[in-house]
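Below is one structure; the comments refer to it alone.
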Amino acid sequence: MPELPEVETVRSGLAATVVGRTVVAVRVTGPRTVRRQPVRRFAARLTGRRVTAVGRHGKYLLVGTDRGTLVIHLRMTGRLALVDGPQAPRAPHTHAILTLDDGRELRFVDPRTFGELFFCLPGEPLLGQVTGRLGPDALVDELGPEVLGPLVVRRRTTLKGLLLDQRVIAGVGNIYADEICFAAGLRPDRRTESLRPDEVVRLSAALAAVMERAVAAGGSSLGDGSYRDLFDSPGAFQVEHAVYGRAGEPCRVCGTAVAGTRVAGRSAHYCPRCQS
DNA sequence: AGACAAGCCTGTACGC
DNA sequence: TGCGTACAGGCTTGTC
């Protein structure tokens, strides 16, 4: 399930491979894949556009062109595949195909069809309506204790609920919320208003450290709808997971069995001894 | 066979 | 009353 580190891996892959390329054809076959605008309008706007940059805000991929932005959200099971040409075997659940001017194809594959694509012309409010709801990016933006502190204390929720709220911090999903809590030594069900200043300092450091390590490892490929990058390679961070998906297994630090529970309506994993 | 997993949106209920 | 938060439901389908 792609979260910030997985989306960032796709972003850097696209930046290295499709910047400067022009989209010469657009085919959308999935009926739900483009749902914020008519498919014909989407295709007409995107066709002929040259990619100038590839950005990201939280889990949203922002493909900049010479006129407008292609916005991609992978949600749970969405995947982008860059293939050499139309002869490449087509994965099941391929819902959109962008043909590039060098013959390669950028394909959007998504079994559960939660993911989506849309295209915003310059100055169109749609882009701002989406990204404007997002808080600072968990990787790119500075989230030192002085920034994080007010965000944390002002809310009355659980730490995990806070980390998952894209309006507060953009990019953290269920896996990394648990890993950040472990790295900070804080339980996911801790009330945010109870966090002391020194704990906010630990949280801030853990957020940056986990995001940076996960991006360096190319993200996590684990379980449901297992993530793959542009070239179908898995990430490597799952082997470093301290708690996520490890309920009942020994904590890598103290050996205590990792606890599995539910927090903020989500599965949650933590070490009862290392985290408070 | 049916519960479950996920991200995000929407609607509604609730507490301070 | 109003605000922020909590929770459930919807969307989907492969996996257990």
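Chain identifiers are assigned alphabetically (A, B, ...) following the order of the sequence lines, protein sequences preceding nucleic acid strands; residue numbering begins at 1 within each chain.
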Separation of atom [atom1] in [X] from atom [atom2] in [N], rounded to whole Å:
| X | N | atom1 | atom2 | result |
| --- | --- | --- | --- | --- |
| A:Arg156 | B:dG15 | CZ | P | 14 Å |
| A:Asp165 | B:dC8 | CG | P | 10 Å |
| A:His57 | B:dC8 | NE2 | P | 12 Å |
| A:His93 | C:dT13 | NE2 | P | 8 Å |
| A:Gln166 | C:dT5 | CD | P | 15 Å |
| A:Met76 | B:dA5 | CE | C1' | 5 Å |
| A:Leu4 | B:dC8 | CG | C1' | 16 Å |
| A:Leu117 | B:dG7 | CG | C1' | 16 Å |

A:Thr113 and A:Arg32 side chains, donor-acceptor separation under 3.5 Å |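 Yes.
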Would you kindly say whether A:Thr77 and A:Asp110 are connected by a side-chain donor-acceptor distance under 3.5 Å?
-> yes
Whether [X] side chain and [Y] backbone form a donor-acceptor pair below 3.5 Å:
| X | Y | result |
| --- | --- | --- |
| A:Gln37 | A:Phe119 | yes |
| A:Thr192 | A:Thr157 | yes |
| A:Thr94 | A:Ala91 | yes |

Tell me which of A:Arg36 and A:Tyr244 sits closer to the 5' end of DNA chain B, going by the nucleotide each one is nearest to.
-> A:Tyr244
Classify the nucleic acid contact of [X] as base, sugar-phosphate or nothing, counting any heavy atom under 4.0 Å across all strands shown.
| X | result |
| --- | --- |
| A:Arg32 | sugar-phosphate |
| A:Arg191 | sugar-phosphate |
| A:Arg133 | sugar-phosphate |
| A:Gly265 | nothing |
| A:Arg75 | base |

Closest listed nucleotide, where the reference is the side chain of [X] and the choices are [options]:
| X | options | value |
| --- | --- | --- |
| A:Arg155 | B:dC8, C:dT5, C:dC11 | C:dT5 |
| A:Arg262 | B:dG7, C:dT5, B:dA5 | B:dA5 |
| A:Lys59 | B:dC8, C:dT5, B:dA5 | B:dC8 |

With sequence neighbours excluded, what pairs up with A:His269 under the ring-ring contact (aromatic ring centres under 6.0 Å, His included) test?
->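 A:Tyr244.
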Phosphate oxygens OP1/OP2 of [N]: is one of them under 4.0 Å from a side-chain N or O of [X]?
| X | N | result |
| --- | --- | --- |
| A:Ser267 | B:dC4 | no |
| A:His73 | B:dC8 | yes |
| A:Arg167 | B:dC8 | no |
| A:Thr157 | C:dA6 | yes |

For the helix from B:dG2-C:dC16 to B:dC16-C:dG2, what is the angle between the axes at its two ends, each from 5 pairs, rounded to 10°?
-> 60°
Over 12 foreign heavy atoms within 6.0 Å of CZ, A:Arg273 | no
Test the A:Arg36-A:Phe118 pair against the cation-pi criterion, namely NZ or CZ under 6.0 angstrom from the six-membered ring centroid and within 45° of the ring axis.
->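 Pair A:Arg36/A:Phe118 counts as cation-pi.
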